[in-house]
Peer 1: 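I am attaching a structure below and will ask some questions about it afterwards.
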Amino acid sequence: MERNLEELERAKIALREKARVVVLTGAGVSKESGVPTFRGTNGLWKEFRAQELATPEAFKRNPTLVWDFYEFRRALVSRAVPNPAHVALVALEVRVPHFYLITQNVDGLHARAGSKNILELHGNLFRTRCLGCWVLEESFAVPIAQKLPPLCHHCGGLLRPDVVWFGEPLPAGVMNQAFEEAGQCEAMLVIGTSGLVFPAAGLPGLAKDAGAFLIEINPESTPLSPMADVCLRGPAASVLPRLLQEP
Ligand code: BJW
Ligand code: ZN
């Protein structure tokens, strides 16, 4: 416990001095909002097979099955609300002159909490993209269609969720900006990610190589832990508000 307090104090001091801060979040940050993570106990990939639901091949094979999965996720997230970790990050953005929040999450909870400079690496559950005419649309309505899979009302083409599946490239503009910000930040907070999925998992290494102070917040250790300057072990919704508490 004492060691934890010492680490918390060290992280607080390091963060206080920094003008360029980047935060990288993963599914763990939304855990306390009731949104399941992907890996680990009760993770989505324990109950559902990623290969059958989160690849372009799976969608080609069975778009209805994939849409069923995403409609279930959209309904779940629609009922969720941002937790104290999301809220604490809004306050951090206000106080840091140059701030970016890079998220792997597709749940939109950072934006709903009020964060502004968000880079969504893996897309958003509430956007669809047409495979025929490439029109992007945003809708918070659940369900998005009476009949699945939904079709584009511009061209009749098949709509897909605008998320990044395994084997797909990340949106280029967003990814380039994320790499640029990570390479220039003075401190990076890595929160609630297993650090297993690339290229997102490469961002902390990039920041570290550029001299940034790295803080990991996660109840478990991850492959990113050894490079962190401070590891704060605990749920984000209780650790983050304490870390960012002033003075
Ligand atoms: C808490 C907590 C609490 C719990 N508080 N914390 C290099 C090596 C090997 C393979 C690859 C490689 N480079 C690329 C690959 C392939 C692949 C990959 O990385 N595979 C690995 C799994 C091995 N990557 C890709 O395919 C990517 N695309 C790509 O590389 O394209 C190249 C290309 C270029 C040009 C043309 C074509 C291709 C795309 C990856 C897309 C990932 N998509 C998903 C699904 C999104 C849609 C959806 O939601 O359905 O994104 S998979 C899933 O994993 C999701 C997440 O964003 C992502 C990361 O997961 P995350 O957030 O870390 O969650 P968990 O569950 O893993 O961890 C939760 C953590 O929280 C844990 O650590 C807990 O301890 C912690 N925790 N409670 C704080 N209360
Ligand atoms: Zn269309």
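Each residue takes its place number in the sequence, starting with 1. Ligands are counted one by one from 1 in listed order, and the atoms in each one are counted from 1 as well.
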Peer 1: Using a heavy-atom cut-off of under 4.0 Å, does the side chain or the backbone of Leu196 touch ligand 1, or both, or neither?
Peer 2: backbone
Peer 1: As an exercise, identify every atom of ligand 1 less than 4.0 angstrom from a heavy atom of Thr193.
Peer 2: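 Counting atoms of ligand 1 from 1, those under 4.0 Å from Thr193 are 61 (P), 63 (O), 70 (C), 73 (O).
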Peer 1: List every atom of ligand 1 that sits less than 4.0 Å from any heavy atom of Pro235, numbering the atoms from 1 in the order shown and giving each element.
Peer 2: 3 (C), 5 (N), 80 (N)
Peer 1: With heavy atoms of Val163 as the reference, note each atom of ligand 1 found under 4.0 Å away.
Peer 2: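 Every atom of ligand 1 under 4.0 Å from some heavy atom of Val163: 47 (C).
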Peer 1: In the protein, which heavy atom is nearest to atom 2 (C) of ligand 1, and how far is it?
Peer 2: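 Sorting protein heavy atoms by distance from atom 2 (C) of ligand 1 puts Gly28 O, 3.6 Å first.
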Peer 1: Ligand 1 versus Val106, non-hydrogen atoms closer than 4.0 Å: side chain, backbone, both, neither?
Peer 2: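 Side chain only.
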Peer 1: Could you work out, for atom 54 (O) of ligand 1, the closest of Gln104, Arg39, Glu32 by heavy-atom distance?
Peer 2: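 Selected option, by shortest heavy-atom distance: Arg39.
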Peer 1: Which of the numbered atoms in ligand 1 are under 4.0 angstrom from any heavy atom belonging to Ala27?
Peer 2: 61 (P), 62 (O), 64 (O)
Peer 1: What atoms of ligand 1 come within less than 4.0 Å of a heavy atom belonging to Tyr70?
Peer 2: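 So the atoms of ligand 1 that pass are 47 (C), 48 (C), 50 (O).
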Peer 1: In total, how many protein N/O/S atoms does one find closer than 2.8 Å to the Zn ion (ligand 2)?
Peer 2: 4
Peer 1: Starting from atom 56 (C) of ligand 1, which protein heavy atom do you reach first, and at what distance in Å?
Peer 2: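 Checked against all protein heavy atoms, atom 56 (C) of ligand 1 sits closest to Phe38 CE1, 3.6 Å.
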Peer 1: Classify the ring geometry between His86 and His110 as parallel (under 30°), tilted (30 to 60°) or perpendicular (over 60°).
Peer 2: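 Perpendicular, since the angle between the ring planes exceeds 60°.
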